[in-house]
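One structure is given here, and the rest of the page talks about it.
What you are looking at is a predicted structure, and each value in this text was computed from that prediction instead of being measured. All residue numbers in this chain count up from 1 along the given sequence.
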Amino acid sequence: MPYVLGVDVGTTRTAAAVCRLGGVGRTEPELVGLGGPGGGVASTLQLTSDGAFAVGEPGDPRWTATGFSRRVGDTVPIVFGPDSGGAERCPAEELTALMVMWVADQVAAREGERPAHIVLAHPPGWGAHAKGLMHRALRAVGVEASLVPEPVAAAENHAFSRSSAGSLGVFSLGSHAFSASVVGRGFELVNSVEGVDQDAGVDFDDAVFAHVQASLGRALAELDADDPRTRGLFGRLRRDCEAAKRMLSGTVETSIAVHLPSGRVDVPITRAQFEELIRPAVEQAVSAFSRVATGVEMTVLVGGSARIPLVAASVPGRVVLEAAPETSVVKGAALAARRLVIGPDAEPEPRETSVMVRDEDPLLRFPVGGLEVADAEFTAPPPRPPVDITPLELPERRSVKRVVRGLAMTGGQRRARDSKDGR
């Protein structure tokens with residue numbers, strides 16, 4: 001069955017969703033499993049010894065790129081390899097395009113055909129220069145896609161489940177990034193700001209880690225940092241701190257197991273303690289949102305860290321939290337792709353699926369009815385370039401059209417590369 005594809009290359013994870021074009025009536029956006037935990041895949045590309053990229057969990061940091069989607073338009077390339085020489089430099093837009101190409105290939109293999117259209121969600125701060133670079137990099141790997149700002153994609157997902165009479169505020173708080181935006185009724189991005197120094201999910205993980213350090217005191221501080229067992233202990237502890245943070249969104253208390261050489265110690269932490277640790281950061285984000293989103297009728301919370309109850313309680317006005325806020329953008333990207341292909345008039349009445357977190361008027365209910373929106377903000381997909389595509393003008397190195405392979409490097413590949421590089 002024909003379908004369209006939405007892709008969200010996030011700082012931490014990459015997700016995909018499809019919308020079907022066949023059949024009668026509307027079609028729910030469907031998340032696509034990409035082989036990683038939670039359905040998505042880590043937004044990492046590891047350069048292997050044979051010049052290909054492996055997609056998945058990070059490996060040797062000298063040969064692994066992360067966070068590249070947020071660096072599109074940056075004139076400083078991402079460097080693979082040792083500082084001593086033989087390094088390879090890749091622009092961030094090239095790596096992002098390779099990630100989108102890999103996702104499209106994975107979905108096409110599952111569906112048995114290529115998507116009718118692709119929409120890539122991008123950070124709201126991308127200007128014409130960054131978008132132009134991204135379009136060029138995508139075409140160089142044979143991918144035609146439209147670009148939609150993340151807040152607009154979130155608004156598309158929100159409009160799918162309920163109608164809105166006016167502008168929509170989008171409060172986005174993920175693992176590494178924060179943004180505050182206003183999206184108009186016609187899906188135009190009215191205003192947006194990204195928090196450069198704003199704490200996000202990984203900083204909240206650090207706050208939990210600091211709580212554990214303060215609780216254990218010398219028992220943790222006196223461990224030998226150069227001991228491989230200590231490094232393993234700290235790595236596991238950081239993962240457990242992240243898990244505790246997520247647990248506290250659904251429970252009022254949990255504990256973090258610390259496996260000291262002397263034995264296991266459980267460090268308790270309550271939701272109230274966690275909220276006091278992160279309250280200054282949340283208040284800073286809410287203050288930035290309030291300056292941008294004045295007069296909005298409703299605010300939708302987006303991103304995994306939006307699950308934290310303190311966030312929903314702190315954002316002013318009518319607040320809506322989707323059942324899975326970390327998937328709002330990618331599902332909205334798929335819906336935007338569907339709208340671009342079939343037009344805005346094929347949608348029946350919206351169906352309410354979101355969860356209303358808070359409304360200042362207890363008698364007020366969300367309106368249900370047809371949503372008349374124009375698609376003037378979205379331009380038609382760019383024409384397909386000629387067959388003889390001119391490659392990106394890059395420094396002397398291999399072509400942008402690399403082979404993007406499976407989820408992890410095999411042991412044999414790793415040993416071959418290590419042998420080649422003398423490591």
Margin query: Holding to side-chain contact (heavy atoms from CB on, under 4.5 Å), I want the full list of residues that pass it with Glu30, two or more places apart in sequence or in another chain.
Written below: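 side-chain contact (heavy atoms from CB on, under 4.5 Å) check on Glu30 returns Val18, Arg20.
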
Margin query: According to side-chain contact (heavy atoms from CB on, under 4.5 Å), who are the partners of Thr270, at least two apart in sequence or on a separate chain?
Written below: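 Here the qualifying residues are Glu253, Ala272, Gln273.
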
Checklist line | Summary of salt bridge (charged side-chain N to carboxylate O under 4.0 Å, His left out) pairs that have at least one residue in residues 122-135, sequence neighbours excluded | finding: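 Those involving residues 122-135 do not exist here.
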
Notebook entry, point to check: Do any pairs count as a salt bridge (charged side-chain N to carboxylate O under 4.0 Å, His left out) and have a residue in residues 276-285, sequence neighbours left out, and if so which ones?
Noted result: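 Found Glu276-Arg279.
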
Donor-acceptor check, side chain of [X] to backbone of [Y], threshold 3.5 angstrom: yes or no?
X	Y	result
Thr48	Phe53	no
Arg338	Pro29	no
Glu113	Met1	yes

Check: With respect to Ser43, which candidate in Thr11, Thr12, Thr66, Thr14 satisfies the side chain to side chain donor-acceptor pair (under 3.5 Å) definition?
Finding: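 Only one option passes, and that is Thr14.
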
Is there a side-chain contact between [X] and [Y] (heavy atoms, below 4.5 Å)?
X	Y	value
Val9	Phe68	yes
Ser249	Pro309	yes
Met99	Val41	yes
Leu45	Trp102	no
Cys241	Val212	yes

Checklist line | Gap between atom OG of Ser181 and atom CD of Glu194 - 0.5 Å precision | finding: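 Here the interatomic distance stands at 7.5 Å.
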
Check: Pairs in or reaching into residues 198-208: which pass side-chain hydrogen bond (donor to acceptor under 3.5 Å, both in side chains), with residues at least two apart or in two chains?
Finding: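 Only Asp205-Lys245, Asp206-Arg238 qualify under side-chain hydrogen bond (donor to acceptor under 3.5 Å, both in side chains).
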
Next item on the list: May I ask you to check whether Ser69 and Thr96 show a side-chain donor-acceptor distance below 3.5 Å?
Entry: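 No - no donor-acceptor pair under 3.5 Å links their side chains.
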
Next item on the list: Identify, with sequence neighbours excluded, every residue that meets ring-ring contact (aromatic ring centres under 6.0 Å, His included) alongside Phe178.
Entry: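 In terms of ring-ring contact (aromatic ring centres under 6.0 Å, His included), with neighbours along the sequence ignored, Phe178 is linked to Phe171.
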
